[in-house]
Amino acid sequence: MTMIRVTLLTVTLLLLGVIATVAQSKKPHIVFVIGDEEYRSEESMPMLGQLVHRELGARISLCYPLDDKGVINPNINNNIGGLEALKTADLMVIFARWRELPKEQAKWITDYAESGKPMVGFRTATHTFMYKTDSSMAYLNNYWPASVFGQQWIVHHGHFDDGKNPLTSVYVKPGSSTPILNGFQPFQAYSWLYHVDGGDWKLNGDCVPFLEGKSLKSKHEMEGKLDKFPITQPVAWTKSYTGKRGKTARVFFTTLGHPYDFKDVSMRKLALNGIYWALGLEKRIPKNGVNATFVEPYEPNNSGFGERFKPNRRPLVIKN
């Protein structure tokens with residue numbers, strides 16, 4: 001009888017081990033929501049998608065702003081194709097700016113945020129939406145990003161020599177410890193520094209900043225306004241988001257995201273490590289960070305408005 005119990009226990013443990021292995025080996029579905037007309041997210045996010053696909057075997061869906069011919073056009077702010085992929089997503093990565101999406105498209109994004117599944121946001125996700133006339137959607141302009149990602153759009157320290165010289169020194173906040181920092185080294189970013197904390201503003205919720213940025217050239221310093229807009233700001237943090245359904249999601253956010261930032265291996269490691277962390281895979285982040293060598297050459301256009309993006313490009317499909 002004792003032998004039977006031992007055998008049953010052994011079989012049970014083996015089965016639990018198999019189940020755990022299967023769960024760990026599940027290929028996550030990661031959906032990139034792309035919709036930004038300034039920072040070439042239509043180039044940086046597919047590059048990240050390729051890296052995550054290679055390193056994690058993840059299934060990748062890339063949702064771009066598209067014209068009526070299916071061509072990528074970041075200046076189209078009322079259409080992001082393929083958002084229904086969020087229905088089966090395990091992670092939403094969003095880099096969007098002042099979109100005025102149809103309600104059914106916005107609902108894919110907001111429903112996902114309420115699901116309790118993880119999210120990663122870059123830079124302009126602090127102002128993902130901008131509804132100027134529809135009062136029923138206006139809560140998405142400021143309240144939603146502040147609640148989900150930790151802050152809304154406020155102001156930055158100035159563009160200056162965009163793309164010619166770095167504008168922000170990025171370094172580890174003293175005392176910080178997180179596997180997202182594995183392999184990270186301080187670097188100088190081309191992103192001009194966003195104001196998110198200090199003066200009349202504070203980060204929302206349970207944000208835990210672990211990277212800071214110091215503006216290398218600040219209009220607020222020139223105007224004597226550093227009491228309102230300090231020259232040092234958090235540039236990356238983790239937090240949680242609990243929506244109306246009571247489900248809590250992991251969130252990683254960074255205000256960095258200039259297209260040239262991603263040329264620096266530390267920026268790519270930050271992004272990839274953050275994705276792993278959001279998915280609950282922090283134990284799988286190597287001590288030197290996730291492998292961030294490019295899959296293909298990455299030569300993005302500079303940031304800027306108007307026709308600065310590469311024309312006549314069709315969506316990249318990452319074969320899963």
Side-chain angles (χ1 to χ4, degrees), residues 39 44 48 51-52 55-56 91-95 118-126 145-154 156-157 166-199 201-216 229-242 248-258 261-292:
Y39 296 108
S44 60
L48 281 181
L51 296 181
V52 177
E55 296 303 311
L56 200 54
L91 172 67
M92 176 175 70
V93 180
I94 186 166
F95 195 153
M119 291 172 279
V120 168
F122 288 93
R123 197 157 176 82
T124 56
T126 59
S147 300
V148 174
F149 295 121
Q151 194 50 279
Q152 64 178 68
W153 163 248
I154 304 168
H156 57 63
H157 280 260
L167 288 174
T168 300
S169 176
V170 180
Y171 52 91
V172 177
K173 181 180 179 182
S176 296
S177 178
T178 169
I180 300 176
L181 289 171
N182 289 6
F184 176 87
Q185 295 294 326
F187 73 103
Q188 291 191 330
Y190 286 85
S191 293
W192 38 93
L193 186 65
Y194 274 14
H195 179 78
V196 295
D197 193 72
W201 299 88
K202 290 184 179 180
L203 286 173
N204 294 277
D206 58 355
C207 292
V208 181
F210 59 87
L211 281 186
E212 292 182 338
K214 181 177 181 180
S215 181
L216 299 174
F229 308 111
I231 202 165
T232 298
Q233 288 290 303
V235 296
W237 56 83
T238 56
K239 70 181 295 290
S240 66
Y241 171 68
T242 303
T248 301
R250 274 188 169 196
V251 180
F252 161 70
F253 193 86
T254 177
T255 59
L256 303 173
H258 189 284
D261 289 349
F262 291 98
K263 291 184 176 183
D264 194 295
V265 67
S266 278
M267 179 66 194
R268 301 196 302 277
K269 285 182 181 289
L270 171 69
L272 294 170
N273 293 353
I275 286 171
Y276 272 55
W277 176 89
L279 285 166
L281 300 177
E282 57 266 41
K283 291 183 179 179
R284 292 176 58 178
I285 301 175
K287 289 184 178 180
N288 195 38
V290 178
N291 177 17

Straight-line distance of [X] [atom1] to [Y] [atom2], nearest 0.5 Å:
X      : Y      : atom1 : atom2 : answer
Tyr39  : Ser44  : OH    : OG    : 12.0 Å
Phe187 : Thr168 : CZ    : OG1   : 9.0 Å
Leu272 : Met267 : CG    : CE    : 10.0 Å
Thr238 : Trp277 : OG1   : CH2   : 4.5 Å

- side chain to side chain contact (heavy atoms under 4.5 Å, CB included) assessment of Asn273 paired with Phe184: CA-CA 10 Å; Asn273 293 353; Phe184 176 87; 5.9 Å; no
Contact summary for [X] and [Y], nearest pair of heavy atoms:
X      : Y      : result
Ala292 : Val265 : CB-CG2, 4.0 Å
Gly257 : Asp261 : N-OD2, 3.4 Å
Leu270 : Ala236 : CD1-CB, 4.5 Å
Leu256 : Ala189 : CD2-CB, 4.1 Å
Gly274 : Val120 : O-CG2, 4.1 Å
Thr255 : Pro234 : OG1-O, 4.1 Å

- Between His195 and Trp192, is the gap from one ring center to the other below 6.0 Å? no
Are any non-hydrogen side-chain atoms of [X] and [Y] less than 4.5 angstrom apart?
X      : Y      : value
Tyr276 : Glu55  : yes
Leu281 : Leu56  : yes
Phe252 : Leu279 : no

- Pair listing, salt bridge (Lys or Arg N to Asp or Glu O under 4.0 Å) test, anchored in residues 267-282, at least two apart: Arg250-Glu282
- Message: Can you confirm whether Lys214 is buried at NZ, in the sense that more than 12 heavy atoms of other residues, nucleotides or ligands lie under 6.0 Å from that atom?
- Response: no
[X] side chain vs [Y] backbone, donor-acceptor pair below 3.5 Å:
X      : Y      : answer
Ser266 : Gln185 : yes
His157 : Thr232 : no
Ser215 : Leu193 : no
Gln188 : Pro166 : no

Output side-chain donor-acceptor pairs under 3.5 Å for residues 201-212, partner residues at least two apart or in another chain, one line each.
from   : atom 1 : to     : atom 2 : distance (Å)
Asn204 : ND2    : Gly150 : O      : 3.1
Asp206 : OD1    : Ser240 : N      : 2.9
Asp206 : OD1    : Ser240 : OG     : 3.4
Asp206 : OD2    : Ser240 : OG     : 2.6
Glu212 : OE1    : Tyr171 : OH     : 3.4

- Query: So Phe253 and Lys239, side chain to side chain contact (heavy atoms under 4.5 Å, CB included) or not? Walk me through it.
  - Reply: CA-CA 8 Å; Phe253 193 86; Lys239 70 181 295 290; over 6 Å; no
- Give the intermediate values and the outcome of side chain to side chain contact (heavy atoms under 4.5 Å, CB included) for residues Tyr194 and Thr124. CA-CA 10 Å; Tyr194 274 14; Thr124 56; 3.5 Å; yes
- Which class fits the ring pair Phe122 and Phe95: parallel under 30°, tilted 30 to 60°, perpendicular over 60°? parallel
- Trace of the side chain to side chain contact (heavy atoms under 4.5 Å, CB included) decision for Trp237 with Ile180: CA-CA 10 Å; Trp237 56 83; Ile180 300 176; over 6 Å; no
- Item | All ring-ring contact (aromatic ring centres under 6.0 Å, His included) counterparts of Tyr190, not counting sequence neighbours | His258, Tyr260
